[in-house]
Amino acid sequence: MPVHNSDISDMLRKAADLLEIEGADEFRVRSYRQAARSIDNLTENLTDKVSDGEDLTGIPDVGESIAEKIEEIVKTGSLKQLEEIKKRVPEELADLLNLEGIGPKRAKEIYDELDVDSITDLREAVEKHKVREIEGFGKKTEEKIGRELERQSNQESRTLLSRAEEIAEPLLEYLNECKEADRIVIAGSYRRRKETVGDLDILATGEDEEAIANHFVSYEDVDEVIKKGEKRTSIRLKSGLQVDMAVLSKESFGAALIYFTGSKEHGIHLRERALARDLKVNEYGIFREGEDEPIAGETEEEMYEALDLAWVPPEMRENRGEIELAEKDNLPDLITLDDIKGDIHMHTTYTDGGASIREMAEAARDLGYQYIAITDHSKRVNVAGGLDADELAEQLKEIDELNDETDGIRILKGAEVDILEDGSLDLPDDILSRLDLRICSVHYHMDMDSDKQTERILKAMDNPWFDILAHPTGRLLQKREAMELDLEAIMDKAAEKKILMEINANPERLDLNDRNCKMAMERGLMISVATDAHSIGDLKNMKYGVYQARRGWLEPKNVVNTLGVDELLEHFGKNG
DNA sequence: GCCGTTTTCGGCCCGACTGTTTTCAGTCG
């Protein structure tokens, strides 16, 4: 079994959790977590680095000790130290840390006092009212744990960004009705445009904190008020989504916006940077030592400036090197929705789409696009009524006719060709050669082992008509894991063959993800951001693809469908 | 366990809220 970076970071995190429960030095625990996080942000494979004999201490937050541990994991597949800790602290005890309100100290108390070492045991202990008997615990704490156990068992812990938007927009509208609030914004991972959000973080400015908080908790969809303080209030909506609100003065709006937008790691990096300059950063502003008046705080820009940094777009605030770029004023000029000139992945009634070619074209024209590409499925996808060569040829005729009679949008000829099990493509070369562009993808046998799956795709890429690899990993958020494959090998070959990777903008796919997108960009690959629309409404999903592209640091020049139609055709013409 | 714009040793982000306590520890973001 190949060792993935995520296997290594998982082990380090597990070690951190168990060490923390055991009562190890908190900074040591933090080091393990930081190293794990840093490994997750790598765009290169640690297994390769180790076999190349590279010095791993060059990785941020990896020192000699953790470098040795990484090597051990790569070479043996396990970590002796972790196995040792597991003998002292039951592994499943770490699951308790996922419950809100339980941290390392309480997990240890529960284990020591009640011999509870799993979620199952804990549920039983709560039902028997054993937990409230522990010193420092009480009736309320036990009840809260009970509610958490209930909630965890019947619900996803994160919410798709698209779903979060459906919930946030009416809430925001309601909050804006509050006369006492001057300004209401949503921060957190929602503002960073992360593919899923854990909760919503809302910032409000205004003098009358209590009135604003009261308005908030009076929202009709509130299920439970989790906490209500002077400055912070948390509720849970009936949908299960938690919403936190902070009320503050407008003088500290920028500082609070940075603080509540996160990520946590980005914020910590900023505060450490401040410390090195004898400054203190908190959610109220930036302060010189011993002074009460902030030197910055009202806007994000002045906050970053006071730390000698350029303003960092929220999508990049993940502590993946953006602060170093901001220091050199060298941040990328991120792509925006306005840069997108066309959508080159969509389906019609020829296969499993809900609208005709004409309807899709007119809807796309209304969105301001110059072109679309029709890319219906090939015959292998029989559940969608995939097209064979003759049926596709019929479609090409209709596209020619429509282009003759339609103004304001160009309809390009394409197909989404299945990559078959043996690595061949599902349509013959002669029909592929008649298309403007071809996207290729895997829909069946996604569970092959990594070597075979990678081999399958690499072989398909030898076909000269392979233009774009669509939804490269096949994952569906919260439904299906990414396929096992060696994405680095695939991207290396794509670079060689000038094949593009897709960011599929469907909010359930968003595939490539942000890190893989950055990885592709660093290899010089071009990306297609496209919706895979199966209806007119789906065309509006483009924004989610653009968010993901921004999280992957993409500029317009990295994205093929920022090109005008002539340049786009020229681009794909070269491949053929 | 990591790291260096005073440091190779001695720091390590910072404040709000809750519950169970009589002054604060634990947790969270």
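We name chains A, B, ... by the order of the sequence lines, and we start the count at 1 in each one.
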How is Leu248(A) classified with respect to the nucleic acid when contacts are heavy atoms under 4.0 Å: base, sugar-phosphate, or nothing?
nothing
Regarding the side chain of Glu230(A), the nearest nucleotide among dC3(B), dA16(B), dC17(B) is dC17(B)
Taking the side chain of Lys231(A) as its heavy atoms from C-beta onward, which of dC17(B), dG29(B), dC12(B) lies nearest to it?
dC17(B)
Consider the side chain of Asp278(A), meaning its heavy atoms from C-beta on, and name the nucleotide among dC12(B), dT6(B), dG29(B) that approaches it most closely.
dT6(B)
Within this structure, what is the CG-to-P distance between Asn319(A) and dC13(B), rounded to whole angstrom?
12 Å
Figure out the CD/C1' separation between Glu142(A) and dG26(B), and round it to whole Å.
18 Å
Rounded off to whole Å, could you give me the CG-to-C1' distance for the Leu275(A) and dT7(B) pair?
13 Å
How many Å lie between CD1 on Ile235(A) and C1' on dT18(B), as a whole number?
18 Å
Check this for me, if you would: do Glu84(A) and Lys87(A) make a salt bridge, where the nitrogen-to-carboxylate-oxygen distance has to be below 4.0 angstrom?
yes
Do Lys280(A) and Glu291(A) sit within salt-bridge range, that is, some charged N less than 4.0 Å from a carboxylate O?
no
For dG26(B), give the paired nucleotide (Watson-Crick: N1-N3 plus N6-O4 or O6-N4; G-U: N1-O2 and O6-N3; both under 3.5 Å), or none.
dC17(B)
Taking 4.0 angstrom as the limit, do Arg475(A) and Glu195(A) come out as a salt bridge?
yes
Among dG1(B), dA16(B), dT18(B), the one nearest any side-chain atom of Tyr284(A) is dA16(B)
Short side-chain N/O contact to dG15(B) OP1/OP2 from Lys280(A), under 4.0 Å
yes
In whole angstroms, how far is the C1' atom of dC28(B) from the CZ atom of Arg236(A)?
13 Å
For dT23(B) and dC17(B), measure between their C1' atoms and round to the nearest Å.
16 Å
Given atom CD of Glu109(A) and atom P of dT21(B), what is their separation to the nearest angstrom?
12 Å
For His269(A) and dG29(B), give me the distance from atom NE2 to atom P, rounded to whole Å.
23 Å
Less than 4.0 angstrom from a charged side-chain N to a carboxylate O is my criterion; do Arg33(A) and Asp17(A) meet it?
yes
